[in-house]
Asker: 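Have a look at this one.
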Amino acid sequence: MEKRLMRLMVMVFFLLTIIMGSKAFASKEVRFVYVPWTCVTVKTEVAEFILDNLGYRASSMMLSVPIAYQALATDEADVFLGNWMPTMSGIATPHFESGRVIQMDPIMENAKYTLAVPRYVYEGGLQHFEDIAKFADKLDYKIYGIEEGNDGNEVIEMMIAENMFGLGDFDIIPSSETGMLSQVQSYTRNNQWIVFLGWSPHWMNNIIDMEYLKGSDETTFGENDGTATVYINVRNGFADDHPMVNSFLENYLVPIDMVNEAMTMLHEDNTMEHLDAGLVWLRNNPEVYQGWLEGITTADGQPALPVFEAALNQ
């Protein structure tokens, strides 16, 4: 009987060890989702690098915007760093209202997201949403967007479906970010007319001589001609499960200059990785990451700043 009891106690201890170990593993696991936009990828990979070096297990999945929100809402992911508002409100707000996804503080302010044209098109008279239909023949009745399911594409599709600004006869041409911008650059080399989905921060603002159109309001890309704020979103319960990581995210305000310069580096050197570009910028701007890590500790309770700086300068 004593031997049986001893075996039972050993088995219980073994099972408890496995359970406690799995909980400890889960408490250090942080699952990001991101969309295939260079700006979101840079911010996500930098955050992953920081958390990995602080003793967490960070991972990421590339998804479309609607699927990213579904993953957060069903606890299949933890963090999304690309909630562009107000254009994502149609996709994101139902998840906020359900309580399954939490909108945190901004990660980036004074961004831009709206329709744009090359400067020669702007100077040719297409300066406002209301002007697009006037030049339908020159534009071949097309507006160029990015990937299917993207919130910006949905705004364009809504404008066409509702014949806003006389756009009822237009078509949206979906593509990848890279594919769309290659098309824009091809058109600009020949002074062809094109309207496309533009945003800042992005290298396009440094490489393409372009202008953003006027006319956006709360029903399209937002007020102030498409001025946007980008927020951090987390799944419900994340702050309770990961209080220190949540505090880091509250500090994680990314300057537009960082993303613009990182994206320009990536455009000019196609062998460079997104993370490397972000880290180059951080090495030259230590005051930024010092602010991110103020009051933050590693997974085992040590001050985070010296640990991260050691990893950054390796």
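Reckoned from all heavy atoms, side chains included, excluding hydrogens, waters and symmetry mates. Here, residue 1 is the first one in the sequence, and each next residue gets the next number.
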Asker: Using every non-hydrogen atom in the two residues, find where Leu167 and Ala133 come nearest and quote the distance to one decimal.
Answerer: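 So the minimum-distance heavy-atom pair works out to CD2-N, 4.3 Å.
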Asker: Looking at every heavy atom in both Gln192 and Ser186, which two are closest together, and how far apart are they?
Answerer: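 Between these two residues, the closest heavy atoms are OE1-O, 4.4 Å.
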Asker: Would you name the heavy atoms of Met244 and Gly295 that are closest together and state the gap between them?
Answerer: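 Shortest heavy-atom contact: SD-O, 4.1 Å.
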Asker: In chain order, what residues pass the side-chain hydrogen bond (donor to acceptor under 3.5 Å, both in side chains) check against Asn236, with sequence neighbours excluded?
Answerer: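 Per chain and number, Asn236 pairs via side-chain hydrogen bond (donor to acceptor under 3.5 Å, both in side chains) with no residue.
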Asker: Verify the distance criterion only: is there a donor paired with an acceptor across the side chains of Glu268 and Trp203 at less than 3.5 Å?
Answerer: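 Per modelled atom types, Glu268 and Trp203 side chains form no pair under 3.5 Å.
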Asker: Using a 3.5 Å distance criterion without hydrogens, assess whether the side chain of Lys138 forms a donor-acceptor pair with backbone atoms of Val121.
Answerer: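 No; zero donor-acceptor contacts below 3.5 Å.
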Asker: Give a yes or no on whether Glu76 atom CD has more than 12 heavy-atom contacts from other residues, nucleotides or ligands under 6.0 Å away.
Answerer: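 Yes.
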Asker: To the nearest 0.5 Å, what is the distance between CE on Met108 and OG1 on Thr229?
Answerer: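 Interatomic distance, Met108 CE to Thr229 OG1, rounded to 0.5 Å: 9.5 Å.
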Asker: With side chains defined as the heavy atoms from C-beta onward, is the minimum distance between Val33 and Val79 less than 4.5 Å?
Answerer: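 Not in contact.
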Asker: Does any part of the side chain of Phe129, heavy atoms only, come nearer than 4.5 Å to the side chain of Met164, both counted from C-beta?
Answerer: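 No, side chains not in contact.
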Asker: State the CZ-OG1 distance between Phe196 and Thr188, to the nearest 0.5 angstrom.
Answerer: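 Between atom CZ of Phe196 and atom OG1 of Thr188 there are 8.5 Å.
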Asker: Going by the salt bridge (Lys or Arg N to Asp or Glu O under 4.0 Å) test, which pairs reach into residues 97-111, not counting sequence neighbours?
Answerer: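 For residues 97-111: none.
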Asker: Is there a side chain to side chain contact (heavy atoms under 4.5 Å, CB included) between Asn233 and Phe96 once you walk through the steps?
Answerer: CA-CA 9 Å; Asn233 293 169; Phe96 299 153; 3.5 Å; yes
Asker: To the nearest 0.5 Å, tell me how far Asn206 CG sits from Thr264 OG1.
Answerer: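 So the gap between those two atoms works out to 4.0 Å.
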Asker: So, applying side chain to side chain donor-acceptor pair (under 3.5 Å) with Asp131, which one of Lys134, His128, Gln127 is it?
Answerer: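 Only match with Asp131 under side chain to side chain donor-acceptor pair (under 3.5 Å): Lys134.
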Asker: Let's go through Gln70 and His95 carefully: what are the C-alpha distance in whole Å and the side-chain angles of both, what is the deciding distance for side chain to side chain donor-acceptor pair (under 3.5 Å) to 0.1 Å, and is it a yes or a no?
Answerer: CA-CA 8 Å; Gln70 188 64 29; His95 293 289; 4.7 Å; no
Asker: Could you tell me whether the side chain of Ile296 reaches within less than 4.5 Å of the side chain of Ser247, counting heavy atoms only?
Answerer: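 Side-chain contact under 4.5 Å: yes.
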Asker: Taking only residues two or more places apart in sequence, or in another chain, which ones meet Tyr113 in a side-chain hydrogen bond (donor to acceptor under 3.5 Å, both in side chains)?
Answerer: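 Checked Tyr113 against side-chain hydrogen bond (donor to acceptor under 3.5 Å, both in side chains); matches are Asn150.
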Asker: For side chain to side chain contact (heavy atoms under 4.5 Å, CB included), just list the numbers for Ile194 and Asp140, CA-CA rounded to whole Å, side-chain angles, deciding distance to a tenth of an Å, and then say yes or no.
Answerer: CA-CA 9 Å; Ile194 187 170; Asp140 197 23; over 6 Å; no
Asker: Measuring from atom CG of Asp269 to atom CG of Leu266, what distance do you get when rounded to the nearest 0.5 angstrom?
Answerer: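 Going from CG on Asp269 over to CG on Leu266, the span is 8.0 Å.
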Asker: Show the numbers, then the answer: is there a side chain to side chain contact (heavy atoms under 4.5 Å, CB included) between Phe221 and Thr227?
Answerer: CA-CA 8 Å; Phe221 291 94; Thr227 299; over 6 Å; no
Asker: Please test Phe32 against Asp78 for side chain to side chain contact (heavy atoms under 4.5 Å, CB included), starting from the C-alpha separation and ending with a verdict.
Answerer: CA-CA 6 Å; Phe32 289 87; Asp78 298 309; over 6 Å; no
Asker: Does Val288 reach the side chain of Asn285, with side-chain heavy atoms less than 4.5 Å apart?
Answerer: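 Val288 reaches Asn285 side chain to side chain.
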Asker: Between the main-chain N or O of Asp75 and the side-chain N or O of Arg31, is there a donor-acceptor pair closer than 3.5 Å?
Answerer: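 Looks like yes, one N/O pair under 3.5 Å.
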Asker: Is there a continuous path of hydrophobic side-chain contacts, each under 4.5 Å between heavy atoms, that joins Ile208 to Val117?
Answerer: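 Yes, it is one cluster - the side chains of Ile208 and Val117 are joined through contacts under 4.5 Å.
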Asker: Please give me the minimum heavy-atom distance between Ala47 and Leu81, naming the atom from each residue.
Answerer: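 Distance-wise, the nearest heavy atoms are CB-CD1, 4.1 Å.
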Asker: Only pairs at least two apart or in different chains count here, so list each side chain to side chain donor-acceptor pair (under 3.5 Å) that has a residue in residues 286-301.
Answerer: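 Every side chain to side chain donor-acceptor pair (under 3.5 Å) pair that includes a residue of residues 286-301, provided the two are not neighbours, is Tyr289-Glu309, Thr298-Asp300.
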Asker: Does a side-chain N-to-carboxylate-O contact under 4.0 Å join Asp241 and Arg235?
Answerer: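 Looking at Asp241 and Arg235, the cut-off is met.
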Asker: With a cut-off of 3.5 Å and sequence neighbours excluded, list every side-chain donor-acceptor pair involving residues 85-92.
Answerer:
{"residue": "Thr87", "atom": "OG1", "partner": "Asp151", "partner atom": "OD2", "Å": "2.6"}
{"residue": "Ser89", "atom": "OG", "partner": "Pro86", "partner atom": "O", "Å": "2.8"}

Asker: Would Glu177 and Thr38 count as a side chain to side chain donor-acceptor pair (under 3.5 Å) if you check the C-alpha gap in whole Å, the side-chain angles of each, and the deciding distance to 0.1 Å?
Answerer: CA-CA 8 Å; Glu177 171 190 321; Thr38 311; 2.6 Å; yes
Asker: Go through Ser216 and Glu223 one step at a time and tell me if the side chain to side chain donor-acceptor pair (under 3.5 Å) criterion holds.
Answerer: CA-CA 6 Å; Ser216 178; Glu223 297 178 344; over 6 Å; no
Asker: Is the closest side-chain heavy-atom distance between Glu154 and Val65 below 4.5 Å?
Answerer: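 Sidechains of Val65 and Glu154: no contact.
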Asker: Supply the atom-to-atom distance Asp171 CG to Glu157 CD, rounded to the nearest 0.5 angstrom.
Answerer: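 Atom-to-atom, Asp171:CG and Glu157:CD are 10.5 Å apart.
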Asker: So which atom in Gly152 and which in Leu197 form the shortest heavy-atom distance, rounded to 0.1 Å?
Answerer: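 Nearest pair, atom of Gly152 first, then Leu197: CA-CD2, 3.9 Å.
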Asker: Backbone N or O of His242 within a donor-acceptor pair of the Asn246 side chain at under 3.5 Å?
Answerer: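 Looks like no, no N/O pair under 3.5 Å.
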Asker: Should Tyr187 and Trp193 be marked as a ring-ring contact (aromatic ring centres under 6.0 Å, His included) after you check the CA-CA gap, both sets of side-chain angles, and the distance that decides it?
Answerer: CA-CA 7 Å; Tyr187 271 47; Trp193 282 46; over 10 Å; no
Asker: Only one of Tyr231, Tyr69, Phe238 clears ring-ring contact (aromatic ring centres under 6.0 Å, His included) with Phe80; which?
Answerer: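 Of all the options given, the one that passes is Tyr69.
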Asker: What closest approach, in Å, do Ala262 and Gly278 show between heavy atoms, and which atom pair accounts for it?
Answerer: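 Nearest heavy atoms, Ala262 then Gly278: CB-N, 4.2 Å.
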Asker: Are the side chain of Asp225 and the backbone N or O of Gly215 linked by a donor-acceptor pair below 3.5 Å?
Answerer: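 Yes.
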Asker: Under a 3.5 Å distance rule, please check whether Glu29 uses its side chain to pair with a backbone N or O of Arg57 as donor and acceptor.
Answerer: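 Pair absent, no side-chain N/O of Glu29 close to backbone of Arg57.
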Asker: With sequence neighbours left out, write down each residue that passes side-chain hydrogen bond (donor to acceptor under 3.5 Å, both in side chains) with Glu211, or none if nothing qualifies.
Answerer: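 With neighbours one apart ignored, the set is Arg119.
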Asker: Calculate, to the nearest 0.5 Å, the distance between atoms CZ and CZ belonging to Phe165 and Phe170 respectively.
Answerer: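 Here the interatomic distance stands at 12.5 Å.
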Asker: Any non-hydrogen side-chain atom of Phe248 less than 4.5 Å from a side-chain atom of Leu54?
Answerer: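 No - every pair of side-chain heavy atoms lies 4.5 Å or more apart.
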Asker: If Ile, Leu, Val, Met, Phe, Trp and Tyr residues are connected whenever their side-chain heavy atoms lie under 4.5 Å apart, and connections chain through other members, are Trp281 and Leu253 in the same group?
Answerer: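 Different clusters: Trp281 never reaches Leu253 through Ile, Leu, Val, Met, Phe, Trp or Tyr contacts under 4.5 Å.
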Asker: Under 4.5 Å between any side-chain heavy atoms of Leu293 and Asn251, yes or no?
Answerer: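 Counting from C-beta outward, Leu293 and Asn251 never come under 4.5 Å.
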Asker: Does Asn83 reach the main-chain N or O of Ile232 with its side chain, forming a donor-acceptor pair under 3.5 Å?
Answerer: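 No: the side chain of Asn83 does not pair with the backbone of Ile232.
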Asker: Sub-3.5 Å donor-acceptor pair from the side chain of Asn53 to the main-chain atoms of Phe308, do we have one?
Answerer: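 Checked: no pair found.
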Asker: Can you check whether Ile173 reaches Ile143 side chain to side chain, under 4.5 Å on heavy atoms?
Answerer: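 No, every pair of side-chain atoms sits at 4.5 Å or beyond.
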Asker: Testing the 3.5 Å rule here: is there a donor-acceptor pair between the side chains of Asn205 and Tyr212?
Answerer: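 Side-chain D/A pair, Asn205 to Tyr212: present.
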